[in-house]
Every structure is written in C-alpha cells, then in structure tokens.
Protein chains: 2
Amino acid sequence: MLATMERTETRGAVRPQPREVLDLLEQFGSTISVQHDREIHIEGDSAEYCYRIVAGCVRIVKLMEDGRRQICEFLMAGDLLGFDALDCYDFTAEAVSDVVLRRYPRRTVDALASTNLTLARRLRDVASISLRLAHARLVLLGRKTASERIASFLLEMAERLPQSRPNVLALPMGRTDIADHLGLTIETVCRLLGHLRRDGTLGIDRGTITIRNSRALQQMASEPRH
Amino acid sequence: MLATMERTETRGAVRPQPREVLDLLEQFGSTISVQHDREIHIEGDSAEYCYRIVAGCVRIVKLMEDGRRQICEFLMAGDLLGFDALDCYDFTAEAVSDVVLRRYPRRTVDALASTNLTLARRLRDVASISLRLAHARLVLLGRKTASERIASFLLEMAERLPQSRPNVLALPMGRTDIADHLGLTIETVCRLLGHLRRDGTLGIDRGTITIRNSRALQQMASEPRH
DNA sequence: CGAGCACTTGAAAGATTTCAAGTCCAGTGG
DNA sequence: CCACTGGACTTGAAATCTTTCAAGTGCTCG
C-alpha cells in the first residue's frame, strides 16, 4: 500500500515517496479528515477509494475470529493506502492519530491507469514496494526475538516519523498497537522498553521516546542480510 | 510473486492463475530446468528474468546474518516468480524439488508492459495478489499458535498441491523448510505432526501426508475473518 | 476528587525451543 | 547381497522465552 518514486534505501527496504504519480491524480482528489481511532475502511468492503496520507498515522489491521489482531503496517505522511486494492479491501484501515487524507476514487485511478502507461507502471511499483516491506516483516515476525523486534521497530520509526529533533520520537501509536504490529503482548513491549530505558539506551516519557544509544539498538535489531 | 487471472477464492486469499498475460509473453520465453536445492536467483542480484513455474516447487528465502532463515512463500506449478521485482531481487529463489521453469527476460516484460495496458494491469494485479498473500502470512506468523500454523499450512497445501487422490499430499518440501516457513523449529513441526498422526487427523508415511479429518484441521487453523 | 484508560512491573504458567538421543531409509561400497 | 554412513525425521526432557494473571501507578477528563 505504500507509494513509489524517488526510491529511498531504508534499511534494505525501498521506501516510496510518491510525487509525479499523484500530480496526475491530484485534480480528482478530495481532502478528508478522520478522527483518532475511526475507521477509514473495513476489510471486505468494496474498494471505492485510494488514499494518500497527508498527515497523521494510519494502521492496516487484520482481525481473527476470536479478536486476535495483527497490524500489518503503519502508514505515515506521504504513504499510499489502497492503491493495491483489488475488488475489495484486504484489510481494515484505521486512524491511529487524527489524520488528514487525500482521497481518490478508484474508478478514476483505474481509468487513468488504463490510459497512462507511466501511471500504470508506478502503480505496479507501488505494489511491489509494499510487497518488499511485507517480506521484511515476515522475517521480523517469523525469525526475530522480542528484543530484536522492538529494536527494529524503533529504528524504523526513527526513519519514518517526522522528527522535531533527531532521535526524539513522538510515537503516534500506543503500546497495544506496537504489540499487535510486532506479534507480541503489550506487557512484553512495556517490559522490553523498560529494560532499554533502565540500561540507558532509551529515554521514555509520556508519548515520547528518545534514542540515546542508536548503536546499541542497531546491534540489537539483527537486520537481515543485504 | 504470484500470478493472476481467473481469480480463485482460496480461504480468503485470492490465488492467481495466469493465462492471457502469459500468452503475450510466451514467444519470448525459454524453458529451463533447475535441480533440487539449486538456486534460481539470489537476493540482491540484478533482476534479469521473471519466471513461471511449470512443474515442481520453488521456495522464496530471506536470510539473516546469523543464518536464521524465513521462507516467505512456496511457489507451485502455475505460480509466477519475479514479476514483482524492482531493480534487483528482494529474495533468493531456490528449487525445492527438481523444477521446470518458463523464463522471460525482464526487459522484454517491461517493454511489453509499457505498450500493452492489459499486461500492465495484470502485472499490477499480480503484485497486489502477492501482497494479499503476504498479509495472510503476517497474521499467521504474528498471531497464530504453532498448531494453528501447521493446520493452516496443511490446508493450504491441500488446495495448492497437485493431488493424485484427494487429501493425499505429496509434500515436496522437507520439515526444515516447513519450519522456516511457519516460524517454528523443525522439532516443533515434527512433534505437532506426530500428535495429529496419533489422534487420527493425519496419516503420515514417507513424503506423504494424508488428511484423514479435514474438519479437525479447519477448526484448528483459526483462519482470519472474511 | 474520582473514574477510566494507558502504561508498568512482578510472579507464575505455558508454549516453544534447545539439547540429546534415537529411528528409519536410501544410497554406497565391500 | 548386505553392512555401513549420512541425512531426514522423531521424540523426550530440560531450559527459555513470552505470555498470562495480578496489581499497581499516573495521567487526563469530567
């Protein structure tokens, strides 16, 4: 669901920054706001719109019958949502914080893409890049320990989050969301963050986490090869 | 990396069956064989070719520095490989069994796609479908128990594997591969298969697993909603 | 000031892994 | 033809990691 263009190397994964693609679409878009914790669309709904996150943070959610929840992805300003949709949405999208979205009708996007080869190509790349991200997450969930997951997550946020000061992260999501993203429980997330605070790697207060020892986190993260 | 066309509902995920897309490409393809356990391409290599699996089974592998391994996906006859590649391959692809592949130069595929809007659209769908599969795997790895993973895996194989007789699975991959796909150890895989054999849900002998009680497996699998 | 929610932390329980032996074949060489 | 070796697979028992269960703490909001 992430965008493309001007590819940026992000710890192995190519993180997309849309631009030209959207210039084309821009005239067909409308701007909407979604409040904290509200749904943007629900898994299984007929896919009516694609979105670009203008501001705030969105979570991509999959639920199991019994309520277990997996957050497949967090989307930040600049990321794209729903451009990879087929007939219906594959997941629920919810606003983590108050969010501003630019919304484009899928019919229009598809119509343009079937005229404009550049756009068609971009959309293909968008999906490919999202897939690449997903593969990195499969390694994280399948093979990393809890500490490695937390370290990887913090480093990723340090790169993606808009930061007022370097290494100061204003995390938009709560501990429960982090847990459901990393395949852990909220208690494990709290405990490990607590350890990192006590050993001086992190500063934690209120919604803000400060990375005091980035090297330590990097070593702890055990990123995949390449 | 999976293909598209004539979408088939597969326990929630849309599983692709290429057809027309490839008719176009067919004249540019060549057929190659790869022996059991040989590499088809390596993560990080410049992406020269796309493939369609004609026969056999391929695994998509990501490695960590210390050797931990995640098999992101198994590909079977009919599935596509590498069509979602960007400049270089995102993962290593290896032959699980002896494999026959139809190989297409990426330059040709891209050139055709930038002429033919139908193909471009198909390739976009191919990537979207792979992404959908990946999301289902994220739920499996992030939120399912070991038993649920095994049950899900067996049910998936029952749908994807060419079967001589219904519910008789000639698994092409070994226990280690299954473990690395499900985020478990080989011992856990063996033990859980052992339980299922003893309680009559499965018959196991040599490389063949027979599903004796499909209902039991389905209940055990706890598939996501939708 | 009190309630509710997010977050912490400890202790016990539980699931999975790790460590250790085996078993069972398939292929090889005597 | 048969014993032998190696690899894949099994299984048990102990060790570990993470979760579950329980109890707080500290804000924020009304």
Side-chain angles (χ1 to χ4, degrees), chain A residues 35-37 57 59 64 66-71 96-98 140-151 153-154 169-199 202-209 220 222, chain B residues 35-37 57 59 64 66-71 96-98 140-151 153-154 169-199 202-209 220 222:
Chain A
Q35 281 190 315
H36 163 260
D37 267 354
C57 175
R59 64 178 170 248
M64 292 173 66
D66 61 5
R68 278 175 286 177
R69 190 176 76 141
Q70 177 66 36
I71 295 181
V96 171
S97 57
D98 287 347
L140 181 138
L141 293 176
R143 286 303 179 215
K144 288 190 182 179
T145 65
S147 305
E148 290 170 334
R149 295 180 201 191
I150 292 281
F153 173 75
L154 291 172
L169 313 178
L171 292 181
M173 70 292 284
R175 302 290 189 262
T176 304
D177 280 354
I178 297 175
D180 285 345
H181 182 49
L182 300 181
L184 302 170
T185 59
I186 182 176
E187 293 96 330
T188 299
V189 171
C190 282
R191 250 187 281 277
L192 294 178
L193 287 176
H195 293 166
L196 291 172
R197 177 173 54 68
R198 277 174 233 116
D199 74 18
L202 299 178
I204 301 181
D205 93 316
R206 281 307 84 206
T208 305
I209 290 185
M220 196 179 316
S222 310
Chain B
Q35 281 189 316
H36 163 259
D37 267 355
C57 175
R59 63 177 169 248
M64 291 174 65
D66 61 5
R68 277 175 286 177
R69 190 175 77 139
Q70 177 66 36
I71 296 182
V96 171
S97 57
D98 288 347
L140 182 139
L141 293 176
R143 287 301 179 217
K144 287 190 184 179
T145 65
S147 305
E148 290 170 336
R149 294 179 203 192
I150 292 281
F153 172 76
L154 291 173
L169 313 178
L171 292 180
M173 70 292 285
R175 301 289 189 262
T176 304
D177 280 354
I178 297 175
D180 285 345
H181 182 50
L182 300 182
L184 302 171
T185 59
I186 182 177
E187 293 95 330
T188 299
V189 171
C190 283
R191 248 187 282 277
L192 294 179
L193 287 176
H195 293 166
L196 291 173
R197 177 173 53 69
R198 277 174 233 116
D199 74 17
L202 299 178
I204 301 180
D205 92 316
R206 283 305 86 206
T208 304
I209 290 185
M220 198 179 315
S222 311

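Looking at heavy-atom distances under 4.0 Å, B/Arg198 makes contact with sugar-phosphate atoms alone, never a base. As judged by a 4.0 angstrom heavy-atom cut-off over every strand, A/Leu184 is placed among residues touching the sugar-phosphate backbone only. Across all strands, A/Arg175 comes closer than 4.0 Å only to sugar-phosphate atoms, never to a base (heavy-atom distances). Among the protein residues, B/Ile204 comes within range of the sugar-phosphate backbone only, with heavy atoms under 4.0 Å from sugar or phosphate atoms but none that close to a base.
Between chain B and DNA chain D, the heavy-atom contact criterion of under 4.0 Å yields a 5' to 3' nucleotide range of D/dC9 to D/dA13.
Side-chain atoms of A/Arg68 come within 3.5 Å of backbone atoms of B/Arg143 as a donor-acceptor pair (strictly under, hydrogens ignored).
Regarding B/Arg68, its CZ atom lies at a distance of 13 Å from the P atom of C/dT17, rounded to whole Å. Taking atom CZ of residue B/Arg143 and atom P of nucleotide C/dA15, one finds them 16 Å apart after rounding to whole Å. The interatomic distance linking B/Asp180 (CG) with C/dT17 (P) rounds to 11 Å, in whole Å.
The residue among B/Arg197 and A/Gly183 whose nearest nucleotide of DNA chain D is located toward the 5' end is B/Arg197.
Here the closest non-hydrogen pair linking B/Leu154 and B/Leu169 is O-CD1, 3.8 Å. For the residue pair B/Leu184 and B/Arg149, the shortest heavy atom distance occurs at CD2-NH1, 4.0 Å.
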Side-chain donor-acceptor pairs under 3.5 Å in residues 187-199 of chain B, sequence neighbours left out?
residue  : atom : partner  : partner atom : Å
B/Thr188 : OG1  : B/Thr185 : OG1          : 3.0
B/Asp199 : OD1  : B/Thr201 : N            : 3.0
B/Asp199 : OD1  : B/Thr201 : OG1          : 2.6

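Atoms CD1 and CD1, on B/Ile178 and B/Ile150 in that order, are 6.5 Å from each other to the nearest 0.5 Å. B/Lys144 contributes atom NZ, which lies 10.0 Å from atom CG of B/Leu182 (distance to the nearest 0.5 angstrom).
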